There are 2 protein chains.
Amino acid sequence: MGTYQRPDGWEILGDPSRRAIVECLAERPRAVGELADTLPISRPAVSQHLKVLKDAGLVDDEAAGTRRVYRLNPAGVSALRDQLDMFWKRTLQGFEEIVEDDERNAVTEAPEQDEGKS
Amino acid sequence: MGTYQRPDGWEILGDPSRRAIVECLAERPRAVGELADTLPISRPAVSQHLKVLKDAGLVDDEAAGTRRVYRLNPAGVSALRDQLDMFWKRTLQGFEEIVEDDERNAVTEAPEQDEGKS
DNA sequence: ACGAACGGTAAGCTACGACTTACCAAAGCC
DNA sequence: GGCTTTGGTAAGTCGTAGCTTACCGTTCGT
């Protein structure tokens with residue numbers, strides 16, 4: 001269902017392989033073959049993931065001979081993180097105080113007498 | 001305690017409907033029917049999502065007559081957010097400095113960078 | 001120029017997850 | 001007690017994301 005929002009960061013990082021690639025690229029730039037050798041998936045699979053990541057602006061590629069070195073795009077990464085943070089901001093808005101309060105008690109049994117609807 | 005091996009936080013929030021439910025529940029506790037009425041999916045679908053969320057410790061349910069009111073579990077929410085933050089911490093380790101540096105240059109979301117690579 | 005290395009793309013298969021309808025259980029209301 | 005409301009569960013369908021193999025272009029080495 002695309003009724004909610006356009007494809008967001010969750011779809012991109014929702015895939016474990018993609019997350020692994022990002023983490024791997026966070027260490028240092030790597031060629032496609034290197035990534036494929038590290039990950040438990042084939043090289044074409046890596047290529048496809050890289051395409052998604054590149055399309056999302058998360059990575060940059062750079063030709064180096066017959067190889068093609070990929071690296072994280074800082075701007076894209078921070079932008080995506082920003083986007084995900086927005087979700088938390090919206091979700092925890094007027095709610096985090098309850099979170100902290102609840103964490104102190106460690107018990108979710110706040111005695112309530114009002115259970116009526118709105 | 002959560003002895004479950006909860007699926008990755010990304011998998012849980014990877015679904016748009018689930019995110020919508022979480023956001024909806026962040027506003028205020030709601031019954032299943034209310035959620036189903038708000039969302040573009042059927043009531044059973046909501047139930048199934050709620051099961052996933054509850055299994056992940058993200059929501060608590062409370063019987064209220066024939067209805068069942070669901071609400072966010074603050075501890076679970078913060079735990080999950082913590083989990084996701086761990087990813088960023090690991091990813092941006094030794095990398096965030098570059099990110100911040102780049103953020104200054106590309107605040108307005110620089111479209112592309114052409115590198116005249118030889 | 002020929003062969004090897006490297007990588008992207010196409011086509012196809014498979015698996016899983018999300019959604020639906022149908023049915024059943026539990027609790028209120030008259 | 002019987003009907004209504006509300007939810008959870010079962011069973012089944014369907015779409016799609018991810019992976020693989022096969023193939024082709026490009027670039028380097030000799």
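Every chain is numbered from 1 and lettered A, B, ... according to where its sequence line falls, protein lines coming before strand lines. For clarity, every value in this text was computed on a predicted model and none was experimentally measured.
A:Val32 has its side chain out of reach of A:Arg67: every pair of non-hydrogen atoms, C-beta onward, lies at least 4.5 Å apart. Counting heavy atoms from C-beta outward, B:Leu35 and B:Leu25 have side chains that approach closer than 4.5 Å. The shortest side-chain heavy-atom distance between A:Leu39 and A:Ser17 does not fall under the 4.5 Å cut-off. Using a 4.5 Å cut-off on side-chain heavy atoms (C-beta onward), A:Trp88 and B:Leu13 make contact.
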I'd like a list of close polar pairs between nucleotides 24-30 of chain D and the protein, N/O only, cut-off under 3.5 Å.
none

Shorter than 3.5 Å, N or O on both sides, protein versus nucleotides 9-18 of chain D: list them out with atom names.
{"from": "D:dG18", "atom 1": "OP1", "to": "A:Asp15", "atom 2": "OD1", "distance (Å)": "3.3"}
{"from": "D:dG18", "atom 1": "OP1", "to": "A:Arg18", "atom 2": "NH2", "distance (Å)": "3.2"}
{"from": "D:dG18", "atom 1": "OP2", "to": "A:Arg18", "atom 2": "NH1", "distance (Å)": "3.2"}

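At whole-Å resolution of the value, CG in B:Leu53 and P in C:dA18 are 11 Å apart. Spacing between atom CD1 of B:Ile21 and atom C1' of D:dG7 amounts to 14 Å, rounded to whole angstrom units. Straight-line distance from the CG atom of A:Leu50 to the P atom of C:dG7: 10 Å, rounded to whole Å. Distance, A:Leu39 CG to D:dT20 C1': 16 Å, rounded to whole Å. We find that CD of A:Glu62 is positioned 17 Å from P of C:dC6, with the value rounded to whole Å. Atom pair A:Glu34:CD and C:dC6:P shows a separation of 10 Å (rounding to whole Å applied).
For B:Arg18 (side chain) and B:Glu11 (main-chain N/O), a donor-acceptor pair under 3.5 Å exists by modelled atom type. Checked by atom type and distance alone, the side chain of B:Arg43 never pairs as donor or acceptor with a backbone atom of B:Gly33 at under 3.5 Å.
Between A:Arg67 and C:dC6, a side-chain N or O to OP1/OP2 separation shorter than 4.0 Å is present. At the phosphate of C:dC6, neither OP1 nor OP2 sits under 4.0 Å from any side-chain N or O atom of A:Tyr70.
Taking A:Arg19 as the reference, B:Asp8 meet the salt bridge (Lys or Arg N to Asp or Glu O under 4.0 Å) condition, with sequence neighbours excluded.
Contact between A:Thr38 and A:Cys24 at its shortest, heavy atoms only, is CG2-SG, 4.3 Å. Closest non-hydrogen pair, B:Leu72 versus B:Val22, comes out as CD1-O, 3.9 Å.
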